[in-house]
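Report on the following structure.
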Amino acid sequence: FSSGYPPRHGGVTPPAGGGWPRPAWRERAAPAGRSPLAPHPGSRMLEIASLLLLLTAALAFVNARFLRMPQAVGLLLTALVSAGALKAAGVLGLVDLAPVLRIVESIDFRETLLDGMLGLLLFAAAQHTDGAALRGQALPVTMLATLGTVLCAAVIAAGAFLVAPLFGVELPIPWALAFGLLLAPTDPIAVGALLKQAGVPTALQKTITGESLFNDGVSVVLFLAVLEVITDGAAPALPDIARLLALEVGGGIAFGLGLGWLAVRLLRQIDDYQVEILITLALAFGGFTLARHLHVSGVLGMVALGLVIGRQAGGGAVVSARTKQRLDDFWELVDEFLNATLFVLIGVEVLILDLRGQALVLGLVAIPIVLLARWLSVVGAIGPVRRRLHGWPTGSIALLTWAGVRGGISIALALALPEGEGRTEILAVTYVVVVFSILVQGLTVAKVATRVLGPVPAGAARDEDAVPEPVGTTA
């Protein structure tokens with residue numbers, strides 16, 4: 001018998017000397033020196049995921065039952081308070097922080113977000129985006145995601161390069177540029193629902209959402225070019241940078257459109273919502289992984305894929321109404337779950353970051369610099385085309401500035417920096433800026449919108465199905 005046990009029949013007695021031989025499968029399951037009940041090393045990841053899921057669910061319940069804040073803001077706040085209280089108890093000697101710190105340190109935030117969650121998050125966001133409305137705001141979205149991102153990164157980098165030495169931190173130019181690029185992308189997850197409640201015109205809502213979908217890809221590509229300078233010590237030539245941008249950006253968009261074409265062809269041939277959902281999940285997850293191996297932007301690829309599937313699925317010719325509803329429900333759940341986990345992760349990171357003294361002061365000083373950089377980048381990107389934009393009331397520039405919330409991708413990029421002078425400070429400053437951005441800007445963006453936009457004309461906002469007038473004509 002392969003199990004190593006003898007046949008089970010009456011009258012059989014064990015051999016002399018102490019029972020039946022130990023079966024082979026027991027020997028493999030319990031090597032010498034380890035209890036047979038000890039967990040396998042491969043189960044460590046599952047344990048951490050289980051604990052993170054339990055924590056996210058508990059904090060989500062507290063927020064939904066008692067705080068009633070926007071989910072992103074409430075989860076980050078409760079995670080920060082819980083982690084801060086635990087850290088204080090550890091400093092006072094009331095609890096042993098060592099096991100908790102080992103768990104948190106074992107979570108690779110950068111890999112979890114950049115290599116795992118980001119592709120699904122961007123696909124889900126793009127899949128729920130109204131392609132027609134976004135196309136109507138193509139001009140401001142393009143200007144903000146390209147020129148605006150570069151301007152914002154440059155101003156932050158210049159500010160960091162000039163201010164950091166005043167606090168005893170020397171930042172070489174490549175490190176300052178990396179710092180600017182990792183804080184340039186925006187994340188409107190924390191403010192999206194609040195903008196709708198505040199009656200912000202649809203044109204502005206779609207611009208803020210569209211910018212965040214595309215500026216991630218631009219920032220990541222430029223950040224990787226600067227990271228190469230930091231690690232190799234040699235600046236690539238301008239033609240090499242241009243080639244990298246063309247391959248990453250153009251290749252990523254083309255790759256996503258190709259996957260979208262494949263998805264539409266597959267979905268059109270069947271009417272089984274379970275299989276159709278599985279196809280979208282496989283393309284989003286597998287496509288993001290494949291893009292990395294092809295050295296194209298998986299970020300922009302997933303945005304393009306989501307926009308294609310969202311647009312085609314909404315017409316009724318590719319999937320049935322029942323499948324469309326199930327598809328929307330599934331990806332909305334994935335989006336909410338991953339975002340909830342992400343904001344809890346941001347909160348618990350405070351346990352392993354050094355936010356004392358100089359690092360905390362630098363973070364507080366960086367907040368107005370980042371806000372100024374955001375305002376200058378919006379003015380520089382939108383100013384030349386302002387007259388060609390419809391549905392943009394007075395005060396739109398101020399609202400775009402305040403709604404430019406930073407998110408988890410900034411922290412993930414900061415963690416990607418190699419060990420070196422200034423890395424600890426950059427990571428701490430980035431964390432402070434992101435937390436301020438989500439908590440303060442996220443909680444006040446509705447009031448700011450009401451204040452700077454003034455009275456909203458009837459029908460100009462809260463109409464999610466309205467398509468803005470096409471740009472390109474003089475106002």
Side-chain angles (χ1 to χ4, degrees), residues 113-139 141-142 144-146 149 185-189 206-207 209-225 242-269 276-315 317-319 324 327-328 330-332 334-335 338-339 409 412:
L113 178 58
L114 294 183
D115 296 342
M117 298 168 63
L118 186 59
L120 297 178
L121 284 169
L122 289 171
F123 173 83
Q127 195 255 338
H128 285 110
T129 299
D130 184 346
L134 183 61
R135 190 167 57 252
Q137 299 302 316
L139 180 58
V141 167
T142 302
L144 287 169
T146 54
T149 299
T186 57
D187 182 359
I189 293 168
K206 297 307 178 186
T207 298
T209 301
E211 177 199 3
S212 69
L213 288 175
F214 290 99
N215 66 8
D216 286 355
V218 175
S219 298
V220 169
V221 171
L222 294 175
F223 178 84
L224 292 176
R243 192 179 305 110
L244 174 65
L245 284 173
L247 178 61
E248 287 276 346
V249 176
I253 294 175
F255 176 72
L257 293 176
L259 282 183
W261 177 86
L262 174 62
V264 170
R265 294 300 179 277
L266 294 175
L267 297 176
R268 198 189 297 273
Q269 299 179 48
E276 291 170 280
I277 289 174
L278 183 59
I279 288 173
T280 62
L281 181 62
L283 289 176
F285 220 131
F288 190 71
T289 303
L290 179 59
R292 289 206 317 271
H293 292 285
L294 296 177
H295 303 291
V296 297
S297 175
V299 172
L300 295 176
M302 293 308 99
V303 171
L305 173 62
L307 289 174
V308 170
I309 292 180
R311 180 186 176 187
Q312 295 294 329
V318 176
V319 299
K324 178 67 168 65
L327 198 63
D328 288 344
F330 173 80
W331 281 107
E332 182 179 359
V334 171
D335 192 28
L338 291 180
N339 277 311
I409 191 171

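Smallest separation of non-hydrogen atoms from Leu294 and Phe255: CD1-CE1, 3.7 Å. Taking all atoms of both residues into account, the shortest heavy-atom contact from Val299 to Phe288 is N-CE1, 3.7 Å. Scanning all heavy atoms of the two residues, the minimum distance from Gly287 to Met302 falls at C-CE, 3.7 Å. Closest approach of His295 and Glu248 over heavy atoms only: O-OE2, 3.5 Å. The two residues Ala291 and Ser297 make their nearest non-hydrogen contact at CB-C, 4.4 Å. The two residues Ala412 and Leu113 make their nearest non-hydrogen contact at CB-CD2, 3.7 Å.
To the nearest 0.5 Å, atom CZ of residue Arg311 and atom CD1 of residue Ile309 are 14.0 Å apart. Separating the CD atom in Glu211 from the CG atom in Asp187 is a distance of 11.0 Å, to the nearest 0.5 Å. Between Leu134 atom CG and Leu307 atom CG the span is 6.0 Å, to the nearest 0.5 Å. The CG atom of Asn339 lies 11.0 Å from the CG atom of Leu120; values are rounded to the nearest 0.5 Å. Note that the CZ atom of Phe214 and the CD1 atom of Ile253 stand 6.5 Å from one another [nearest 0.5 Å].
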Practice problem: Before giving the answer on side-chain contact (heavy atoms from CB on, under 4.5 Å), spell out for Glu276 and Leu327 the whole-Å C-alpha distance, their side-chain angles and the decisive distance to 0.1 Å. | Solution: CA-CA 8 Å; Glu276 291 170 280; Leu327 198 63; 5.5 Å; no
Exercise. Could you go through the side-chain contact (heavy atoms from CB on, under 4.5 Å) check for Leu283 and Phe123 one step at a time?
Key: CA-CA 10 Å; Leu283 289 176; Phe123 173 83; over 6 Å; no
Quiz item: Can you list the steps and then say if Val220 with Ile409 is a side-chain contact (heavy atoms from CB on, under 4.5 Å)?
Solution: CA-CA 9 Å; Val220 169; Ile409 191 171; 3.9 Å; yes
Practice problem: Show the numbers, then the answer: is there a side-chain contact (heavy atoms from CB on, under 4.5 Å) between Leu222 and Leu245? | Solution: CA-CA 8 Å; Leu222 294 175; Leu245 284 173; 3.7 Å; yes
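For Leu247, the side chain to side chain contact (heavy atoms under 4.5 Å, CB included) criterion is met by Val296, not counting sequence neighbours. For His128, the side chain to side chain contact (heavy atoms under 4.5 Å, CB included) partners two or more places apart in sequence, or in a different chain, are Asp328, Trp331, Glu332.
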Enumerate donor-acceptor pairs with a distance under 3.5 Å from any side-chain N or O in residues 257-269 to protein atoms, sequence neighbours excluded.
from   : atom 1 : to     : atom 2 : distance (Å)
Gln269 : NE2    : Arg265 : O      : 3.0

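Test Asn215, Thr209, Asp216, Thr149 against Thr186 for side-chain hydrogen bond (donor to acceptor under 3.5 Å, both in side chains) and you get one pass: Asn215.
Using a 4.5 Å heavy-atom threshold, the side chains of Asp115 and Arg292 count as touching.
Remark: Phe285 CZ is loosely packed, at most 12 non-hydrogen atoms of other residues, nucleotides or ligands lying under 6.0 Å away.
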